Amino acid sequence: MDVKQIDKEYVANTYARFPVQLVSGKGSLVYDETGKEYIDLGTGIAVNAFGVADECWKNAVIGQLDKIQHTSNLYYSEPCALLAKALCERTGLKKVFFSNSGAEANECAIKAARKYGETQKGKDYNVIVTLKNSFHGRTITTLSATGQDVFHEHFTPMTAGFVHAEANNIEELKTLVKTHKCCGVMLELVQGEGGVMALDKEYVKQVETLAREENLLLVIDEVQTGNGRTGSLYAYMKYGISPDVVTTAKGLGGGLPIGATMLGERAENLFTAGLNGSTFGGNPVCAAGALSVLKRIDDKLLEEVRNKSEYIFNELGGAKGVKSVSGLGLMIGVECEKDAAEVIKNCMARGVLVIKAKHKVRLLPALNIPFEQLKKAIKILKEECEK
Ligand SMILES: *Cc1c(COP(=O)(O)O)cnc(C)c1O
C-alpha cells in the first residue's frame with residue numbers, strides 16, 4: 001500500500017507535505033514507515049506538548065474513553081468543568097468557552113469584542129484592530145483578522161470590520177483607533193506563522209494602555225504561544241499585561257483538538273445562553289487530555305523550558321550560517337544564510353524534524369524533550385546551517 005499515492009489521489013491538495021509518513025513514536029522520537037528514527041522539533045506545529053504517546057496524557061485520555069467519549073453541551077461533564085476551573089485559577093480569567101481549534105477560539109473572541117462594542121458604545125463600534133503579518137486562522141473571519149494579504153486572495157469578500165496596524169508601531173495603532181469605530185484589539189505576542197517575531201514589551205504595554213483609554217477589549221491570541229510554549233504558562237504573563245480575552249488551542253490538547261477562549265472580567269458576561277455554541281466543544285476526552293497537560297505545566301517544567309530555550313539561543317545565535325535567532329521559550333525562528341527549505345530537507349535526511357515559518361526554520365520541540373535529544377538535534381541543525 002502506497003499511502004503517499006493514495007493521499008495524493010484522494011486528499012484535497014491543500015498541503016505541500018514533506019515526503020515522510022509518520023507512523024509511531026515515543027516522547028520526542030518519531031518513526032516513519034521504514035522505521036527511520038527522527039528527533040521531532042516540530043511536535044505537529046506545537047501540538048504534542050509532551051511528545052508522542054506520553055504515558056500521563058494517554059492514561060488521562062484512555063481513562064475518559066472508558067467512561068464516556070462525548071456528551072454534547074446539552075449536559076454537564078466533569079472534564080470540561082474541571083478544565084475550565086483550572087484555566088481560570090491559573091490565569092485569573094473568569095470563564096471559558098470551549099471549541100475545537102484555534103480559529104474557532106478566535107471566532108469566539110471576535111464575537112466577544114463585537115458584543116462588547118455594541119454594549120459599551122453602540123452597534124456601529126465593531127472594528128477590531130489586528131497586526132500586519134499576523135495569523136489568526138483559516139475561517140473567512142479569522143482570515144480577515146489575519147494581516148497578510150496573501151491569505152485573502154481568492155476568497156473575497158472578506159468579513160468587514162478589521163484593520164491592520166504595523167507591529168511595534170504604537171502611533172499607527174493610535175491613528176487606526178481614532179479613525180475607526182473600534183471595539184477591540186487582537187494580537188499574537190509572538191507572531192508564529194509570521195516568522196516567530198516576538199513583539200516589544202514596551203509596545204505591548206502601550207497597547208494595553210490604549211485599550212484601557214479607548215475602552216477596547218484586549219484580545220491576546222495564544223493559540224501557539226500558550227500552554228508553556230514561551231516559558232511561562234501564557235505569554236501575556238511574561239509581558240506583564242492583563243488581557244480581557246485570551247485564546248488558545250494547539251498545545252492545550254496535547255494532540256487532541258480543543259480550543260479555549262478565556263474571558264476576563266470585562267468579557268465574562270457578554271455571552272448568555274444561545275449566543276455561542278459548539279457540538280464538540282469541551283469534548284470529555286479532549287478536555288481530560290488537556291487537564292493532564294495543564295497540570296504538568298508547573299514552575300519546574302517552565303524553568304526547564306527557559307533553560308532549553310537559552311541553550312538553543314546560545315548554540316545558534318551568532319553561529320556560522322545563522323543570520324538571526326528569534327522568538328521566546330521553545331518557540332524559535334532561525335534565519336539561515338541557506339534557503340530554509342533546504343536546511344529542513346537536509347535535517348530530515350539526518351533524522352531531525354524541523355518546520356518552516358516564512359523564510360525561517362521554526363523550532364517547536366516538546367516542552368519535556370530530553371536535553372540529550374535536544375543537543376543532538378541542535379548540533380545537526382547547526383551543521384546544516386554551516387555547510
Ligand atoms: C495555528 C494558529 C491559529 C489557528 O489554529 P487552528 O487550530 O489551525 O484553527 C490561530 N492563531 C495562531 C496564532 C496560530 O498559531
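Everything quoted here is computed from the prediction, not taken from an experiment. One-based numbering, in listed order, for ligands and for the atoms of each. FYI, side chains are in, hydrogens and waters are out, and symmetry mates aren't considered; it's all heavy atoms of this structure.
Although no hydrogens or angles enter the test, the distance criterion places a donor-acceptor pair under 3.5 Å between the side chain of Gln64 and the main chain of Ile68. Counting only distance, with no hydrogens or angles, the side chain of Arg362 and the backbone of Val196 share no donor-acceptor pair below 3.5 Å.
Remark: ligand 1 atoms within the under-4.0 Å shell around heavy atoms of Ser101 are 7 (O), 9 (O). Against a heavy-atom cut-off of under 4.0 Å, Ala103 is close to the following atoms of ligand 1: 4 (C), 5 (O), 6 (P), 9 (O). Annotation for ligand 1: atoms under 4.0 Å from non-hydrogen atoms of Asn106 are 10 (C), 11 (N). For ligand 1, the atoms lying closer than 4.0 Å to a non-hydrogen atom of Gly102 are 5 (O), 6 (P), 7 (O), 9 (O). Using a 4.0 Å cut-off to heavy atoms of Gln224, the atoms of ligand 1 that qualify are 15 (O). Atoms of ligand 1 lying under 4.0 Å from at least one heavy atom of Lys250, given by number and element, are 1 (C), 2 (C), 3 (C), 14 (C), 15 (O). Ligand 1 places these atoms under 4.0 Å from at least one heavy atom of His136: 10 (C), 11 (N). Every atom of ligand 1 with a heavy atom of Glu188 under 4.0 Å away is listed here by number and element: 13 (C).
The shortest side-chain heavy-atom distance between Lys356 and Val361 does not fall under the 4.5 Å cut-off. Annotation: side chain of Val246 is not in contact with side chain of Asp221 (no heavy-atom distance under 4.5 Å). Between Pro243 and Tyr234 there is no side-chain heavy-atom pair separated by less than 4.5 Å.
Cation-pi geometry between Arg266 and Tyr116 is not satisfied (NZ or CZ under 6.0 Å from the ring centre, within 45° of the ring normal).
Of all protein heavy atoms, the one lying nearest to atom 11 (N) of ligand 1 is Asp221 OD2, 2.8 Å.
For atom 8 (O) of ligand 1, the protein comes within 4.0 Å by no heavy atom at all.
Of the residues listed (Glu193, Glu335, Gln191, Gln148), the one engaging Lys358 in a side chain to side chain donor-acceptor pair (under 3.5 Å) is Gln148, and it is the only one.
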